[in-house]
Amino acid sequence: MLRKKLLSLSLAAALILGCAACRKQEETSQTTKAPVTSTTTTEATTASSSEETTSSEETTSSEETTASTSETPETSETSASSETSSSEKKIPNARNNMPKDYGLGEQDEVSAELLKLDRVIGAERKGRPTDSGIKKYYVIFEMPLDWEHPEKGTFPLRTTFTYVSDKAANVFTCDGYNLSDYLIEMDNLYGDWYSIEANQFLCEHRFFGSSVPEGLSSATLDYWDCLTDENAAADFHHIIEQFKTFLTGKWVFTGGSKGGQLTHMQSHFYPDDADLYFSLVAPGGVSQDAPDFFDFIYNEIGNDKYGEATAKIHREEMLQFQVEAMKLKSKLAPRYYQLGLESGCRFTEFTTPEILYDMAVLDAATITWQYNQDFFEVKRILDSKGSATFEDDIFNYLVIMNEPSVWSNNDELFAYYVQAAKQNGEHEYDFSFLREALRKEGLENLLTVTEDMEKGLLFKMVFTPEQLEAFTFDSKVYNDMVEWSHTTESQVIMLYGGADVWYSVRLPDVDDNENIHRYVAKKDSHMASIMGLEQSERDEIKALMKKTLEA
């Protein structure tokens, strides 16, 4: 899943800074109009999945909702099947739910100007200005829960903005998840965006992190109908439109992984927002029927990177690791489940220790190929079979690949599941390759997940029965995006990693639209950057960017 080992910010960083080292902007235009700060994609690189999980982001948990019963009627007492009428519910107000991390910065003439922008309810300077005058600002917008029905209430949406000059190019980045507090607090994070001087923005996605309405909880259905791709695109559009009132340079909309998917969607919904849309390792908005995903993992992935013979060895080693992990299921499944409980996970009735463990073992292959591809470690563990550390080695590797919270109903990234279930899609889970490997050793009964359980397995694990019924998939956005790829007049650069599990479920390749510029770094994983391309391809990208942004 895209949400796992959340490195989307890092991906955006790899995209933005892949061809140049960070360097100081030696000269910055000292205009009097409001400077803007966005965390650069350099800042994104520093945000690992662990740094993206912050205490302020825990506002999505049902525990916090319960703690605020004096302010919010939608507490744990309100079940997903609640019959409370909408008229009896408190209308969420962004000003009552300002992020906890707001208020630590300084005010100056720039933040005063930012407060004049439409829907801005908070603006402050973060860190110290650089010698060349670059300043970073933290800005909070009051966004409607539903752009078509503003009467439903509002919520705060966080963004950062780094100002260079009014005339500089503007780079807007959204990775599709939460805005790390680490990035907000870091002093003077800015970098080189393909050697183009640029104002930079980094925006949190609605209903992630601290950008949530009062009363939002993974335990209910309340407000989740407002989490749509259309509303999210409208959020970004409003921010861009406001900054366009004084920033006159060209615009780039960019993101990696889920953010790459959003980049395509933004071009579809608001083609005039940016002059260039640059996506990295973007899935296609996979339908809930993506049969090639696991076939690619077990039969094809890595051929271009390692050569067919070596790639096959690595795939077989990974499969053997899974078999060995299943042999230890009776010992490790309760341990893995207990680790989740101790870390605050809330599992649905469906998610037994055995089902949770099956999923962790299956997905170890996905995450290994998606990111580190550390087959030396996999081989080391296999070679240690029979040693005193073997059981712990297997367990620790599974936890490193995926903590139990990945399948927790109260995970702070619950919003990802909702989006996947309703519009963005999620591949099905196919245990057939692991099941066959176990059958060859007479161990097929070790799998608790049966074939008839596989369809919609993820959603059965993380949703209540009421949510499972309510969050139904609509393929319209996916179908629209396929059509968009053939017809868009936006300049779009798509960069993929050929050794990335998500490469198999990208948007279908097109050869009938000269505005789509597609590149594949054949040996790169989900951390692909332009440095994995041939020099001639890197030169093409730079030339296209220069032509588009400096025209």
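The model shown is predicted, which means the values in this text are computed figures rather than measured ones. The first residue of the sequence shown is numbered 1, and numbering continues consecutively from there.
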Is Lys329 salt-bridged to Glu354, cutoff N-O under 4.0 Å? no
In terms of heavy-atom contacts, Leu157 and Asp235 come closest through CD2-CB, 3.8 Å
* Evaluate the side-chain proximity of Ile530 to Phe278: yes if any heavy-atom separation is below 4.5 Å, no if none is. => yes
For Val492, is there any backbone N or O sitting under 3.5 Å from a side-chain donor or acceptor partner on Ser490? no
Derivation and outcome, side-chain contact (heavy atoms from CB on, under 4.5 Å), residues His205 and Leu262: CA-CA 10 Å; His205 195 288; Leu262 291 173; 3.7 Å; yes
(Q) Quick one about Gln320 and Glu324 (side-chain donor to acceptor, distance below 3.5 Å, no hydrogens or angles considered), yes or no? (A) yes
Exercise. Near Glu444 CD, under 6.0 Å, is it more than 12 heavy atoms from other residues, nucleotides or ligands?
Worked result: yes
Output for pair (Leu382 CG, Ile394 CD1), nearest 0.5 Å, gives 6.5 Å
- Report the C-alpha separation of Asp146 and Asn231 in whole Å, then their side-chain angles, then the decisive distance to 0.1 Å, and conclude whether the side-chain contact (heavy atoms from CB on, under 4.5 Å) test is met. CA-CA 6 Å; Asp146 188 333; Asn231 276 331; 3.8 Å; yes
CD (Glu230) with more than 12 external heavy atoms under 6.0 Å: yes
Q) Does some side-chain heavy atom of Met494 sit less than 4.5 Å from a side-chain heavy atom of Thr263? A) no
Residues Cys345 and Ser408: closest non-hydrogen pair is CA-OG, 3.5 Å
Start with the C-alpha gap between Phe207 and Tyr223, add the side-chain angles, then the distance that decides, and say whether ring pair (Phe, Tyr, Trp, His ring centres under 6.0 Å) holds. CA-CA 9 Å; Phe207 292 20; Tyr223 311 123; 7.7 Å; no
ask   = Do Asp358 side-chain atoms and Val449 backbone N/O form a donor-acceptor pair below 3.5 Å?
value = yes
The ring pair (Phe, Tyr, Trp, His ring centres under 6.0 Å) partner of Phe347 among Trp407, Tyr337, Tyr336 is Tyr337
- [ ] Ignoring hydrogens and angles, state whether a donor on the side chain of Tyr298 or Ser432 is under 3.5 Å from an acceptor on the partner side chain.
- [x] no
| field | Minimum side-chain heavy-atom gap Val482-Pro508 below 4.5 Å | value | yes
Here the pair of heavy atoms bringing Gly497 nearest to Val281 is N-CG1, 3.8 Å
(message) For Lys460, is the NZ atom crowded, meaning more than 12 foreign heavy atoms sit under 6.0 Å from it?
(response) yes
- Query: Can a donor-acceptor pair be found between the side chains of Lys305 and Gln373 at a distance below 3.5 Å?
  - Reply: yes
Is atom CD of Glu451 surrounded by more than 12 heavy atoms (other residues, nucleotides or ligands) closer than 6.0 Å?
-> no
*asked:* Tell me if the NZ atom of Lys379 is crowded by more than 12 foreign heavy atoms within 6.0 Å.
replied: no
So CZ of Phe473 and CG of Asn424: to nearest 0.5 Å the spacing works out to 8.0 Å
For Arg518 and Val520, the nearest pair of non-hydrogen atoms, with its separation, is NH2-CG2, 3.6 Å
- Message: Please report whether the ring centroid of Phe414 lies less than 6.0 Å from that of Trp224.
- Response: yes
Output for pair (Asp480 CG, Ser485 OG), nearest 0.5 Å, gives 11.0 Å
- Message: If you count heavy atoms of other groups shown closer than 6.0 angstrom to CD of Gln535, is the number above 12?
- Response: yes
| message | Set out, in order, the CA-CA distance, both residues' side-chain angles and the distance that settles ring pair (Phe, Tyr, Trp, His ring centres under 6.0 Å) for Tyr429 and His427, then state yes or no. | response | CA-CA 7 Å; Tyr429 284 79; His427 60 78; 4.6 Å; yes
Taking the six-membered ring for Trp, are the ring centroids of Phe236 and Tyr270 within less than 6.0 Å of each other?
no
Exercise for the section: Taking Arg206 for its side chain and Leu145 for its backbone only, find out whether a donor-acceptor pair lies under 3.5 Å. Expected result: yes
Pair Phe321, Phe375 - check side-chain contact (heavy atoms from CB on, under 4.5 Å), show working.
CA-CA 11 Å; Phe321 173 90; Phe375 299 108; over 6 Å; no
Item to complete: Give me the ring orientation class for His314 and Tyr306: parallel if the planes are under 30° apart, tilted from 30 to 60°, perpendicular past 60°.
Response: perpendicular
Worksheet item: So, do Asp524 and Leu495 sit near enough that their side-chain heavy atoms are less than 4.5 Å apart?
Response: no
dist Glu317:CD -> Arg380:CZ (nearest 0.5 Å) comes out at 13.0 Å
Item checked: Residues His486 and Asn513: side-chain donor-acceptor under 3.5 angstrom -> no
Report task. Using the ring pair (Phe, Tyr, Trp, His ring centres under 6.0 Å) rule, take Phe471 and Phe463 through it: C-alpha gap first, then chi angles, then the decisive distance, then the call. Result -> CA-CA 9 Å; Phe471 300 149; Phe463 292 151; 5.0 Å; yes
**Q.** Any side-chain donor near an acceptor of the partner, Tyr416 and Glu426, under 3.5 Å
**A.** yes
Sub-3.5 Å donor-acceptor pair from the side chain of Gln423 to the main-chain atoms of Asp229, do we have one? yes
OG of Ser218 to CD of Gln467, rounded to nearest 0.5 Å, is 7.0 Å
Checklist entry - Should Arg315 and Asn303 count as side-chain neighbours, where that means a heavy-atom distance under 4.5 Å? => result yes
Side chains of Phe431 and Thr450, heavy atoms from C-beta outward: is any pair under 4.5 Å? no
In short, Ile240 meets Asp273 closest at the heavy-atom pair CG2-O, 3.7 Å
Looking only at heavy atoms, the pair that brings Asn515 and Gln491 closest together is OD1-NE2, 3.0 Å
Heavy-atom side-chain proximity of Leu328 to Phe395 below 4.5 angstrom: no
- prompt: Can you find a pair of side-chain heavy atoms, one from Ser210 and one from Glu204, that are under 4.5 Å apart?
  reply: yes
message: Does Glu316 have more than 12 heavy atoms from other residues, nucleotides or ligands lying within 6.0 Å of its CD?
response: yes
**Request:** Would you kindly say whether Glu483 and His268 are connected by a side-chain donor-acceptor distance under 3.5 Å?
**Result:** no
Thr173 side chain to Gly255 main-chain N or O, any donor-acceptor pair under 3.5 Å? no
dist Leu362:CG -> Met326:CE (nearest 0.5 Å) comes out at 9.5 Å
- Any chance you could lay out the side-chain contact (heavy atoms from CB on, under 4.5 Å) test for Ile239 and Met143, step after step, and finish with the verdict? CA-CA 10 Å; Ile239 294 172; Met143 296 301 193; 3.6 Å; yes
Q.
Between Ser267 and Trp484, do the side chains contain a donor N or O and an acceptor N or O under 3.5 Å apart?
A. yes
Centroid-centroid distance, Trp251 to Tyr277, less than 6.0 Å: no
Exercise. Do the side-chain N and O atoms of Thr348 and Thr351 include a donor-acceptor pair separated by under 3.5 angstrom?
Worked result: yes
